[in-house]
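Just so you know, these numbers use all the heavy atoms, side chains as well, and skip hydrogens, waters and symmetry mates. Quantities reported herein were computed from a predicted structural model and do not represent experimental measurements.
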Amino acid sequence: MDNLCLRESVGVSAKMATLFAAKALCLTLTMEDMEEYKMTLKSHLDNGWLIFLGLIIGLNGGWLYKKWRPNSDPDAGSIGGIGVIVMFVLPTVVVHVNYYLVNRGDIVRYWPSEGVIEIYHRRVTTTFKIDDIEKMVRSMSCNKFANRSGVAPWEEYSHVVLFLKNGKRFTITSLLINDLTLPIEDEKVFTKQNFYRLAKNYS
C-alpha cells in the first residue's frame, strides 16, 4: 500500500472522513459491513462494576462486620472498610479515569471484509488497512491472559497499542473495545502481562 492509502482527515465530520478514506483506499465502504465502537455506559459498567461493589462494602464495613460478628467492635469493620477503599477501589478508579481520558471521544470503525480500520482520535480521522499494522502490543493481567478470575478489581482492564508502519500509534482501551482481536499474524502480536497497568495516549 502506498502513502495515498493511509489517509488522515483533520477537523471534518466522521461521515465525510469515511468518504475521503474510501476514495483514498479505492474501496467502497458501506455502513452495512461496518462495526463501530465507542465508549458507552455499558462499557463503563462492564469494566468498572467492581468499583461500585468495593464502595458498597467499604462504606458499609462497620455494619457488615456487626452482622457477621454481632458481639464485635463495629469500629474494626469500619477500619476494614476504609482499607478496602484505599487498597482496591482507589487504584481501580485511577485506571478507569486513565482509560477514559485516553479514549475520550474516540470512535473506531472496522470493515472486516475489506480489512479497513478507521480511528477518530482528537478530531483527527486516520484510516488504514490491516496490512499497515507493524505490530500489536496487548497489556493485561496474568490472570486475564490465562482466562482466570482476577484477584484485584483492576485486572478487568486491558488495553492494546497498535503500531503502524508509518510510525503512528493508537491506544485502544477496554473501555472502547474490550479484548480487541484482529486478523494479523501471530508474530506481530505481543502481550505484556502485568499486575497493574496504565495506558499512554499517543496524540
Donor-acceptor pair, side chain of Ser43 and main chain of Met39, under 3.5 angstrom
no

Closest non-hydrogen atoms of Pro91 and Ile85, given as atom of the first, atom of the second and distance, are CD-O, 4.4 Å

* To do: Mind telling me whether Tyr99 and His159 have parallel, tilted or perpendicular rings, with 30° and 60° as the class edges?
  => perpendicular

- Decide yes or no on side chain to side chain contact (heavy atoms under 4.5 Å, CB included) for Ile130 and Leu182, but give the supporting numbers first. CA-CA 8 Å; Ile130 295 292; Leu182 292 172; 4.2 Å; yes

If we only count heavy atoms from C-beta on, is the Ser141 to Arg197 side-chain gap below 4.5 Å? yes

For this session: Answer with yes or no whether the hydrophobic clustering places Tyr100 together with Tyr196; edges join I, L, V, M, F, W, Y residues whose side-chain heavy atoms lie under 4.5 Å apart.
Result: yes

Please tell me if the side chains of Val160 and Val137 come closer than 4.5 Å, counting only heavy atoms from C-beta onward.
no

Could you check whether any side-chain heavy atom of Ile177 comes within less than 4.5 Å of a side-chain heavy atom of Val108, counting everything from C-beta outward?
yes

Same cluster for Tyr202 and Val102 if Ile/Leu/Val/Met/Phe/Trp/Tyr side chains link at under 4.5 Å? no

Notebook entry, point to check: Does Asn103 reach the main-chain N or O of Thr171 with its side chain, forming a donor-acceptor pair under 3.5 Å?
Noted result: yes

Next on the checklist: With a 4.0 Å cut-off on N to O distance, would you call Lys144 and Asp179 a salt bridge?
Outcome noted: yes

Assess whether atom NZ of Lys165 is packed by more than 12 heavy atoms of other residues, nucleotides or ligands within 6.0 Å. yes

Main-chain N/O of His44 paired with Asn47 side-chain donor or acceptor, under 3.5 Å: no

Hey, does the side chain of Trp154 reach the backbone of Phe195 with a donor-acceptor pair shorter than 3.5 angstrom? yes

Test of understanding: clusters of I, L, V, M, F, W, Y form through side-chain heavy atoms closer than 4.5 Å, transitively. Do Leu180 and Ile184 belong to the same one? yes

In sequence, state the C-alpha distance, the side-chain angles, and the governing distance for Ile119 and Asp106, and then conclude on side chain to side chain contact (heavy atoms under 4.5 Å, CB included).
CA-CA 7 Å; Ile119 298 179; Asp106 290 2; 5.6 Å; no

* **Evaluation steps, side chain to side chain contact (heavy atoms under 4.5 Å, CB included), between Glu134 and Leu164** => CA-CA 5 Å; Glu134 183 176 14; Leu164 304 188; over 6 Å; no

Shortest non-hydrogen pair, Thr191 vs Met140, comes out as CG2-CG, 4.2 Å

Please test Leu50 against Thr92 for side chain to side chain contact (heavy atoms under 4.5 Å, CB included), starting from the C-alpha separation and ending with a verdict.
-> CA-CA 9 Å; Leu50 286 174; Thr92 308; 5.9 Å; no

**Asked** Are any side-chain N or O atoms of Glu114 and backbone N or O atoms of Trp111, one a donor and one an acceptor, separated by less than 3.5 Å?
**Response** no

Met136 backbone acceptor or donor facing Arg138 side chain under 3.5 Å:
no

Note to self: With no hydrogens and no angle check, just 3.5 Å: does a side-chain donor-acceptor pair link Tyr37 and Glu35?
What the structure shows: yes

* Asked: With hydrophobic residues grouped by side-chain heavy-atom distances under 4.5 Å, do Leu176 and Ile133 end up in a single group?
  -> yes

Any donor-acceptor pair under 3.5 Å from Asn143 side chain to Arg148 backbone | no

- Message: Applying a strict under-4.5 Å side-chain criterion to I, L, V, M, F, W and Y, I'd like to know whether Phe170 and Tyr110 cluster together.
- Response: yes

Are the charged groups of Glu36 and Arg109 less than 4.0 angstrom apart, N to O? yes

Got a sec: does the NZ of Lys200 have more than 12 other heavy atoms crowding it under 6.0 Å? no

So does Leu198 get a backbone contact from the side chain of Asn98, meaning a donor-acceptor N/O pair under 3.5 Å?
no

Scanning both residues in full, the closest heavy-atom pair of Ser174 with Tyr157 reads OG-CA, 3.7 Å

**Asked** Taking atom types as modelled, is there a side-chain donor on His121 or Asn201 under 3.5 Å from an acceptor on the other?
**Response** yes

Next on the checklist: Within the 3.5 Å criterion, strictly below it, is a donor on Asn194 or Ser139 matched to an acceptor on the partner's side chain?
Outcome noted: yes

